[in-house]
Amino acid sequence: MAFSERKMPGICSVFLLVVLFAHSCHGFYLPGSYMHTYSTSDTIVAKVNSLTSIETELPFSYYSLPYCKPLGGIKKSAENLGELLMGDQIDNSPYRFKMNVNESLYVCTTSPLNEHEVKLLKQRTRDLYQVNMILDNLPVMRIAKQNGVSIQWTGFPVGFTPPNSNDDYIINHLKFKVLVHEYEGSGVQIIGTGEEGMGVISEADKKKASGYEIVGFEVTPCSVKYDPEVMTKLHMYDSISPVNCPLELDKSQIIRERERISFTYEVEFVKSDIRWPSRWDAYLKMEGARVHWFSILNSLMVITFLAGIVFVIFLRTVRRDLTRYEELDKEAQAQMNEELSGWKLVVGDVFREPDCAKLLCVMIGDGVQITGMAAVTIVFAAFGFMSPASRGMLLTGMIILYLFLGIAAGYAAVRLWRTLKGTSEGWRSVSWSVACFFPGIVFVILTVLNFILWGSKSTGAIPISLYFVLLSLWFCISVPLTLVGGFLGTRAEAIQYPVRTNQIPREIPARKYPSWLLVLGAGTLPFGTLFIELFFILSSIWLGRFYYVFGFLLIVLLLLIIVCAEVSVVLTYMHLCVEDWRWWWKAFFASGSVALYVFLYSINYLVFDLQSLSGPVSAILYLGYSMIMAIAIMLSTGTIGFITSFYFVHYLFSSVKID
């Protein structure tokens with residue numbers, strides 16, 4: 001996925017827009033990072049991120065294994081909120097390069113491996129853990145040939161296990177290839193938001209600038225058996241002879257007790273025609289574009305079908321009935337009321353207060369907050385403001401947006417509460433419930449998952465200090481803003497019902513089949529819009545692939561909103577036509593039931609696409625995060641459907657003249 005580092009997206013985006021229009025721009029680099037130029041022999045230090053595996057989904061620190069440590073000690077890079085929540089732990093490494101200097105160097109030799117270290121190395125090797133290295137903010141890429149086809153991965157394995165063997169071998173020699181582009185600028189000024197921000201190139205000065213940009217970072221991992229007696233005489237960064245990756249296992253470094261492992265690397269700098277703005281293209285190659293378009297066309301067909309039904313309801317049925325109704329005199333209208341059946345007969349009950357009115361208001365408020373957060377985030381990402389070069393930016397931006405959209409959540413919930421109750425009494429309780437309902441569910445699920453991660457000693461566990469930060473953001477920003485929104489809701493004009501509600505509820509005719517069956521079935525239509533894109537999103541999260549087709553995602557979001565609105569309107573009209581005036585919750589779940597299918601699809605993805613996922617801990621983590629996603633989707637889609645249905649019913653009955 002595209003993630004970010006050390007940035008506040010709202011402020012930065014506004015700043016960049018101002019810069020973009022205020023300066024005569026020569027180019028605007030999106031996505032990317034703040035451009036660095038290096039002179040020959042400049043020192044560049046690679047960084048290491050957490051070890052990751054698609055087998056377990058439990059990240060671990062790079063230095064949890066017996067790897068060589070830097071001379072000056074381990075130094076952690078500053079991390080933002082999104083990176084910490086994602087389990088990233090970026091540290092410096094002993095691998096340092098000199099620009100345009102090809103060399104083969106010795107790093108270190110470990111002390112004899114003890115039983116615990118051997119067990120850990122074997123476990124990480126068999127769980128297919130990958131080492132994630134970063135140079136100039138580019139992840140290291142490994143390219144291999146399989147059946148004549150080039151396949152690329154980010155990272156390289158901790159080790160490997162030969163087929164039909166119980167022995168494991170460690171990767172201890174790395175052959176790096178750094179692609180550089182010679183840069184000669186005239187009148188170039190870089191304006192950025194920080195170390196990994198976005199750059200604007202403008203012709204402001206006529207100063208000359210030149211150097212080399214890093215535009216690619218590749219590695220070929222090898223396992224090489226060295227003589228420890230010879231290697232221990234060397235010092236870190238002493239030169240060694242270049243090494244060819246051995247094909248024979250007896251020349252590879254086995255993992256077993258009392259073995260001393262020597263780590264070495266070589267680096268080759270290769271000039272490339274790739275320009276700096278295009279250096280992420282290799283990582284973000286969009287595979288399956290035709291599948292995305294198929295998904296969109298499929299959704300358009302569903303929308304057209306539903307739009308046809310809505311068109312018939314409005315223009316043929318509703319307008320025809322209303323025209324006939326309005327042409328009659330009062331006596332004929334009274335007689336018609338006695339004879340007619342359908343939605344016109346529930347006119348005195350259609351706006352009767354629903355069961356669990358407070359819970360409905362709370363869920364609508366949270367749904368407005370989640371929908372707003374998702375829409376703004378996807379729009380910004382589609383326009384390139386969520387750079388993949390900046391890890392954690394997407395998640396950090398979503399959290400910040402969610403906090404500040406508490407105003408909208410409080411306003412929507414309290415205004416609906418006033419509409420249902422006819423009074424503002426109890427608005428504080430509603431606002432507090434809105435501020436605590438969805439975040440409370442997420443907090444409970446994350447706490448349970450965190451205890452599991454703590455027990456596994458994973459870097460994915462949220463530190464105690466971050467817990468206090470999240471609680472502070474929740475109660476010091478989100479809750480007060482939600483209360484402010486609730487207060488504004490009490491000052492807003494309440495929505496007036498177009499008809500009066502009878503004191504005695506009308507009896508609902510018996511149905512041949514449960515109405516909830518139709519409501520649950522309606523969720524299949526929004527799911528049909530969503531499920532193909534959902535596959536790519538799940539693959540991005542759980543299989544470590546980059547997801548950067550936010551343009552497609554924005555289109556799918558717009559189509560999903562339309563489908564949810566149409567489905568809910570059609571279902572609400574169908575219920576009113578059979579004299580079922582309890583439409584409130586059914587309108588919510590007609591579109592909100594898509595969350596059930598999303599969760600079931602997540603289970604299907606776990607069983608059939610994540611077959612390599614090993615152990616109950618990994619499965620519990622997957623299901624926990626899937627549950628959070630499903631609840632958020634339910635609140636968001638349910639809110640879209642409910643609001644559309646509410647205004648549809650309001651319009652429908654405001655057209656009926658009742659004494």
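Throughout, numbering of the chain's residues begins at 1 and tracks the sequence. Because only heavy atoms are used, hydrogens play no part in the values below, and waters and symmetry mates are left out as well, while side chains stay in. Predicted model, so just to flag it, every value in this text is computed and none were measured.
Within 6.0 Å of CH2 on Trp474 lie more than 12 heavy atoms contributed by other residues, nucleotides or ligands.
In this structure, Trp584 and Arg352 have side chains that are not in contact, with every pair of non-hydrogen atoms separated by 4.5 Å or more. For the pair Thr371/Leu635, no side-chain contact is recorded, criterion being any heavy-atom separation below 4.5 Å from C-beta on. Contact annotation: the side chain of Tyr651 never approaches that of Phe646 to less than 4.5 Å [non-hydrogen atoms, C-beta and beyond]. Looking at Trp427 and Trp432, their side chains never come closer than 4.5 Å, going by heavy atoms from C-beta outward.
Interatomic distance, OG of Ser478 versus CZ of Phe438, reported as 11.0 Å (0.5 Å rounding). Summarising the geometry, atom CD1 belonging to Ile399 is positioned 11.5 Å from atom CD1 belonging to Ile477; distances are rounded to the nearest 0.5 Å. Interatomic distance, Leu51 CG to Tyr62 OH, rounded to the nearest 0.5 Å: 8.0 Å. Note that the CG atom of Leu401 and the OG1 atom of Thr377 stand 4.5 Å from one another [nearest 0.5 Å]. Separating the CG atom in Leu360 from the CZ atom in Phe588 is a distance of 7.5 Å, to the nearest 0.5 Å. Residue Thr529 holds its OG1 atom at 13.0 Å from CD1 of Ile555, rounded to the nearest 0.5 Å.
Nearest heavy-atom pair across Lys76 and Asp91 is CG-OD1, 3.2 Å. The two residues Ser591 and Gly638 make their nearest non-hydrogen contact at OG-CA, 3.7 Å. Residues Ala413 and Gly365 come closest through the heavy atom pair CB-CA, 4.0 Å.
Phe404 is linked by a ring pair (Phe, Tyr, Trp, His ring centres under 6.0 Å) to nothing, counting only residues two or more places apart in sequence or in another chain. Residues passing the side chain to side chain contact (heavy atoms under 4.5 Å, CB included) test with Ser456 are Leu58, Val617, sequence neighbours excluded. Here Phe351 pairs with Tyr497 under the ring pair (Phe, Tyr, Trp, His ring centres under 6.0 Å) rule; sequence neighbours left out. With sequence neighbours left out, Arg428 forms a salt bridge (Lys or Arg N to Asp or Glu O under 4.0 Å) with no residue at all. For Ile441, the side chain to side chain contact (heavy atoms under 4.5 Å, CB included) partners at least two apart in sequence or on another chain are Phe437, Ile445, Ile631. For the side chain to side chain contact (heavy atoms under 4.5 Å, CB included) test, residues two or more places apart in sequence or in another chain that qualify with Tyr467 are Phe443, Thr447, Asn450, Trp454, Ile462. With sequence neighbours excluded, the residues forming a side chain to side chain contact (heavy atoms under 4.5 Å, CB included) with Ser593 are Leu520, listed by chain and number. In this structure Tyr129 satisfies the side chain to side chain donor-acceptor pair (under 3.5 Å) test together with Thr56, sequence neighbours excluded.
Side-chain contact check for Ser645 and Tyr573: no donor-acceptor pair (N or O, by modelled atom type) lies under 3.5 Å. Defined by atom type and a distance below 3.5 Å, a donor-acceptor pair is present between the side-chain atoms of Asn132 and Thr52. A side-chain N or O of Ser61 and one of Gln89 form a donor-acceptor pair less than 3.5 Å apart.
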Ile633 vs Met629, side-chain contact (heavy atoms from CB on, under 4.5 Å): CA-CA, chis, key distance, verdict: CA-CA 6 Å; Ile633 289 173; Met629 178 178 67; 3.9 Å; yes
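Listed by first and then second residue, the salt bridge (Lys or Arg N to Asp or Glu O under 4.0 Å) pairs that reach into residues 355-384 come to none, sequence neighbours excluded. Residue pairs that meet the side-chain hydrogen bond (donor to acceptor under 3.5 Å, both in side chains) test with at least one member in residues 403-421, sequence neighbours left out, are Glu353-Lys421, Arg418-Ser424. For the ring-ring contact (aromatic ring centres under 6.0 Å, His included) condition, no pair includes a residue of residues 475-495, sequence neighbours left out. For residues 447-474, no pair satisfies salt bridge (Lys or Arg N to Asp or Glu O under 4.0 Å), with sequence neighbours left out.
A distance-only check finds a donor-acceptor pair linking the side chain of Thr644 to the backbone of Ile640 [under 3.5 Å]. Side-chain atoms of Ser654 come within 3.5 Å of backbone atoms of His650 as a donor-acceptor pair (strictly under, hydrogens ignored). No donor-acceptor pair closer than 3.5 Å links the side chain of Tyr622 to the backbone N or O of Ile603. Side-chain atoms of Ser626 do not come within 3.5 Å of backbone N or O of Ser602 as any donor-acceptor pair. Ser636 places no side-chain N or O within 3.5 Å of a backbone atom of Gly367 that could act as its donor or acceptor partner.
The existence of a salt bridge linking Arg582 and Asp349 is excluded, since no basic side-chain nitrogen approaches an acidic carboxylate oxygen closer than 4.0 Å.
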